[in-house]
Amino acid sequence: MVVSSVLSPDGYAIMNAVAASPSPRLSAANRPNDFHVHPARRGAVGDTVRRADAQMASPVSDYTPQAIEKKWQRRWTEQRVFEVAEDPARPKFYCLVMFAYPSGHAHVGHVRNYMIGDVVARMKRLRGFHVMHPFGWDSFGLPAENAAIEHHVHPRTWTLDNIAHMKGQLQRLGISYAWEREIATCLPEYYRWNQWIFLKMFERGLAYRRRSTVNWCPSCQTVLANEQVVDGQCWRCASDVDARALEQWFLRITEYAEQLLDGIERLSDWPEKVLTMQRNWIGRSEGAQVRFPLAGAQGEAIEVFTTRIDTIFGGTFVLLAPEHELVDRMAEASEDPGGFRARARRFLAQDRTGRLTGEIEKEGFDTGRVATNPFTGESVPVWVANFVLGEYGTGAVMGVPAHDQRDLEFARKYDLPVRVVIQPDDGSSPLSAEALSEAYAGPGRLVDSGEFSGLSWQAALAKMTEAAAARGIGQGTVQYRLRDWGISRQRYWGTPIPIIHCQACGLVPVPYEDLPVELPDVTAFSGQGDSPLAQVPEFVNTTCPSCGGAARRETDTMDTFVDSSWYFYRYCDPNNTELPFDPDAVRYWAPVDFYSGGVEHAILHLIYSRFFCKVLHDLGLVEHDEPFSRLLTQGMVLKGGAVMSKSKGNVVDPDDMMATYGADTLRLYETFVAPPEKEIEWADTGLEGSFRFLGRVWRLVEPLAARLAQAPPIESVETLDDGERAMRRKTHGTIKRVSTDVYPRVHLNTAVSALMELVNELYVFCDTAGCGPGAPATGTAGRIQTWAVLREAIEALVLMLSPFTPHLAEELWERLGHADGLTAARWPEFDPAVAKAETLVIPVQVNGKVRARLTVGADSDDAALEAQALADRQVASHLAGKTVTKVVVARGRLVSIVAK
RNA sequence: GCGAAAGUGGCGGAACUGGCAGACGCGCCGGAUUUAGGAUCCGGUAGCCGCAGGGCUAUGGGGGUUCGAAUCCCCCCUUUCGCACCA
């Protein structure tokens, strides 16, 4: 699906939106003219050049980025240089940046994101890889719907206009995207495959329905997203928000909990930080489920989950979550069912808001029922407690106040018994239940625990779990913090869930051939009442595909995280009308080799994508089992200490920067200012420095370009003088550094600084060698090889600069006589023989302090170095009156002398 | 509270496997050029002492390992991020 060729259902031509002219700010008519900062070129390369300048009287072009950038962007588009198709003969590289939510305008924070990907993609391309670098739009979601409600603009119009504008911005930045693979998740050509995958999951029992609570505004009669709840109140009408239980759709991600956890071990190229966050999110804990028989209820028992079965003899009460299914039945059987329920309900409400605000006082009430601790045989009271969670474990816990802080606080508050069953065995004084002010959760030995007394707590864990199983009162089990993924949204701007509700047949999947279930064209968005889709009778009323009777469509739409959980596969085959993607195309491109994006997606997006990958793997559609080989989480761009956002009004627009300095300067600055992972505080002042550098490159290369294009190749090393060999050494040293800094290290800032060093050295070289534009072909030194050396250095410079500043590089490359552009060029080859130093400067330490530096031949042996160091005048003066006890020679690096 | 990452000049940052701390850039100072400003080119720029050769002190603080520590180990402080009644 190519966005620019698609007509949306309401006839809105996306093509028009996408092809809209660039921002008026940049149109030729009103572009600021005062940009011209180089009225004349003076003294670029020292005196020689100035003299030459005067002789030649040739007009010298200034660096005028806007003209250059426009020229090359047009050429790249016309020649479709970034388009790629599968080619098994060439090594592939899939370079991905997180796609964008089309919020309206890109800001310099987005630019930084996309620049990291573009530098890597462009460099890999030059290194001979077949690079796919796609882009697209995560274009469903709440903001479009909010815009519809507030400004009466259709979400589709709002979204597509934003896409058009942002696409223009990205194109003006010269990012090397394979635009022919562009996708937008809000188009039926995309979202039908969300529906397809959903149906596959439904067939496998991975998509299911159950009751779950949502935020409900009683006044607007509508469901609210968390972000629409402000201080517990509706964002629109300020009514207090309620909890309401609805039947909702879930994806059974918990089925993959173990696989998702195991996979983390193999993600060696992900940041440790992200892996830790994912591990915690999955939250595996091993423990046991134990049944506490409920008195007065034939055969019924309360099942509790515990990670500390070793403390069970100290379990003096049982706590139920307010949402526990027993609570309702206990209320029914109690003397005052109404009061009972009211107390439980109060906790439920409190729990929701408590989660949003932070702290809640621990509270509970006695159900009046008792259960039996199956290990002690004692009767223990059953309470309902607000801090026990229905969704974790079994929704019930045993209260062990001596060894759990929350239980202790609870027991003290309600005067429940406390019993110490673990005594520390590190020699500290024994614990007593009465004096206990803090629960003891540390190691120790069991006491007052019947036959288990005397065991270490770890031994007891195993023994007692075994015992529970043997006696039929429990078993060892594993719990996850991870919960199933609720994907139902009572929203318009999302993927309709392809299910039909039939009175007779129940939940009936929409047949595959009827996909997509398209969004109806709702025009009025009030933000009130039922799900918007439920208000469209033509959409809702349908016939059952199974029995042909009257039926209703599901009116929930999908969470937008579904869209983003597999989009990277769609890029591999964006026009497929038979399947979400051709497995062969994905086999060639996937997994993603390099994925870069914001750390804010470290958990949800990345874990959902990993989940989808594993499901698609089980469906036989993909072969690999992890979607992203390498992940880089890039730092945010702050302004005034805050993330840029429209609401904060601290957005820096890249168009403003481009108008003043050009895209290349902005690109260079954002990669040079800090390492990619680090967050940065935006400051305009640094841009000047980057602009200055590019001007310096231009003034170095452009006047010499025509001459260099005629320069011969380097003949032989013997013909070069010291300065020329030194220049080549610098050139190849820089090639080595930049080659590894850009990838795999992705230390883009140090790559740029290496290039700056090269330019500095080139200026000095030109000055001393007399290589001005007016110099004779043989150079002032009469050496034709000088030009050969210079050509090698400057071509390497231009090539290595090209991932960062592609427009400038293309222009200079062309002027250097390469008519076929950088697309046909190859990354410069590093030659270790050339880079090898002829002499080394070796520091000499005496008792750990540098006292001298020796200039020695690169192949001096250790004995010679040691002798030379000891003979040094400075060293000798520091050794006077002392005895040398030890000399360490680190070959090629340093001599360290120890003396007393 | 738990987990993770990070603390280096006036500022952004560099130092790859333990081997010359401060690359590169910003800013600032000086010089050249210029009628002037701007731009450009050249030089200087961690602190302290010294006329100088040179010396001393410095990578959040304190200990340790080592011939040698920004880097490794222990303790502490600070900051940022993530999760948080998870049984």
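Remember, predicted model here, so these are calculated numbers, not experimental data. The figures that follow rest on heavy atoms only: side chains count, while hydrogens, waters and symmetry mates do not. Here is the naming used below: chain letters follow the sequence lines, and residue numbers restart at 1 for every chain.
By the 4.5 Å heavy-atom criterion applied to side chains, A/Arg667 and A/Val111 are not counted as neighbours. In this structure, A/Leu632 and A/Pro676 have side chains that are in contact, with non-hydrogen atoms separated by less than 4.5 Å. Between A/Arg853 and A/Ile842 the shortest side-chain heavy-atom distance does not fall below 4.5 Å. Contact of the A/Thr734 side chain with the A/Glu757 side chain is not registered, since no non-hydrogen atoms from C-beta on lie closer than 4.5 Å.
When the nucleotides B/C41, B/A87, B/C85 are ranked by their closest atom to the side chain of A/Lys362, B/C85 comes out on top. The A/Arg745 side chain lies nearest to B/C16 when the options are B/A87, B/C16, B/C83. Side-chain proximity of A/Arg481 to B/C26, B/G3, B/C83: nearest is B/C83.
Under the salt bridge (Lys or Arg N to Asp or Glu O under 4.0 Å) criterion, A/Arg630 pairs with no residue, sequence neighbours left out. The side chain to side chain contact (heavy atoms under 4.5 Å, CB included) check on A/Phe672 picks up A/Val752, A/Ser753, A/Met756, with sequence neighbours excluded. Taking A/Trp682 as the reference, A/Tyr669 meet the ring pair (Phe, Tyr, Trp, His ring centres under 6.0 Å) condition, with sequence neighbours excluded. Annotation: salt bridge (Lys or Arg N to Asp or Glu O under 4.0 Å) contacts of A/Asp407 (sequence neighbours excluded): none. Annotation: ring pair (Phe, Tyr, Trp, His ring centres under 6.0 Å) contacts of A/Tyr608 (sequence neighbours excluded): A/Trp485, A/Phe561. Residues that satisfy the salt bridge (Lys or Arg N to Asp or Glu O under 4.0 Å) test with A/Glu681, not counting sequence neighbours, are absent from this structure. Scored by the ring pair (Phe, Tyr, Trp, His ring centres under 6.0 Å) test, A/Tyr480 finds no partners at all (sequence neighbours excluded).
Relative ring orientation between A/His732 and A/Phe830 is described as tilted, the plane-to-plane angle lying within the 30° to 60° band.
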### Message
Reading 5' to 3' and counting Watson-Crick or G-U wobble pairs with both distances under 3.5 Å, write the dot-bracket notation for RNA chain B, | for bases paired outside the strand.
### Response
(((((((..(((......[....)))((((((.......))))))((((....))))..(((((..]....))))))))))))....

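Taking atom P in both B/C83 and B/A15, the straight-line distance is 30 Å, to the nearest Å. Taking atom P in both B/A14 and B/A4, one finds a spacing of 23 Å when rounded to whole Å. When the C1' atom is compared between B/C11 and B/C28, the two are found 11 Å apart, to the nearest whole Å. A distance of about 14 Å separates the P atoms of B/G13 and B/A6, rounded to the whole Å. Rounded to the nearest Å, the gap between the C1' atom of B/G9 and that of B/A5 is 24 Å. Nucleotides B/C16 and B/C67, compared at atom C1', are 23 Å apart to the nearest Å. Rounded to a whole angstrom, the distance from the C1' atom of B/A46 to that of B/A36 is 36 Å. Look at the P atom in both B/G64 and B/U71: the space between them is 14 Å, to the nearest Å.
Here B/G19 presents its P atom at 16 Å from CG of A/Leu840, a figure rounded to the nearest Å. Whole-Å rounding puts the A/Glu600 CD to B/C81 C1' distance at 12 Å. Between A/Gln845 atom CD and B/G18 atom P the separation is 16 Å, expressed in whole Å. Atom CH2 of A/Trp281 is separated from atom P of B/A4 by 18 Å (rounded to the nearest Å).
Side chain A/Arg853 to base B/C20: a donor-acceptor pair is found below 3.5 Å. With hydrogens and angles ignored, no donor-acceptor pair closer than 3.5 Å exists between the side chain of A/Lys273 and the base of B/C81.
As judged by a 4.0 angstrom heavy-atom cut-off over every strand, A/Glu757 is placed among residues touching the sugar-phosphate backbone only. Here A/Val599 lies out of heavy-atom contact (under 4.0 Å) with every strand. Counting non-hydrogen atoms under 4.0 angstrom, A/Arg279 reaches nothing in the nucleic acid. A/Gly283 comes within 4.0 angstrom of no nucleic acid atom, judged by non-hydrogen atoms across all strands. The residue A/Asp407 sits apart from the nucleic acid: no heavy atom pair falls under 4.0 Å.
Contacts with RNA chain B (heavy atom under 4.0 Å) in residues 888-900 of chain A: A/Val888, A/Arg893, A/Leu894, A/Ser896, A/Val898, listed by number. Taken residue by residue, residues 310-320 of chain A places no heavy atom nearer than 4.0 Å to RNA chain B.
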Measure all distances between protein nitrogen or oxygen atoms and nitrogen or oxygen atoms of nucleotides 11-13 of chain B, and list the pairs falling under 3.5 Å.
| unit_1 | atom_1 | unit_2 | atom_2 | d |
| --- | --- | --- | --- | --- |
| B/G12 | O2' | A/Val673 | O | 2.7 |
| B/G13 | OP1 | A/Lys678 | NZ | 3.1 |
| B/G13 | O3' | A/Asn749 | ND2 | 3.4 |

### Task
If a protein heavy atom is under 4.0 Å from the base, mark B; if only from the sugar-phosphate, S; if neither, -; do that for nucleotides 50-66 of chain B going 5' to 3'.
-----SSS---------

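Contact check, A/Asn760 against B/G25: a side-chain N or O comes under 4.0 Å of OP1 or OP2. Proximity of A/Arg692 to the phosphate of B/C26: a side-chain N or O atom is located under 4.0 Å from OP1 or OP2. A close approach under 4.0 Å does not occur between any side-chain nitrogen or oxygen of A/Arg406 and OP1 or OP2 of B/G1.
Between A/Arg291 and A/Glu303 there is a salt bridge, since a side-chain N of the basic residue sits under 4.0 Å from a carboxylate O of the acidic one. Using a 4.0 Å cut-off between a side-chain N of Lys or Arg and a carboxylate O of Asp or Glu, A/Arg279 and A/Glu272 qualify as a salt bridge. Of the charged side-chain nitrogens involved, none lies within less than 4.0 Å of a carboxylate oxygen, so that A/Arg729 and A/Glu761 do not count as a salt-bridged pair.
Evaluated for a ring-ring contact (aromatic ring centres under 6.0 Å, His included) with A/Trp383, the options A/Phe365, A/Phe317, A/Tyr414 yield exactly one hit, A/Tyr414.
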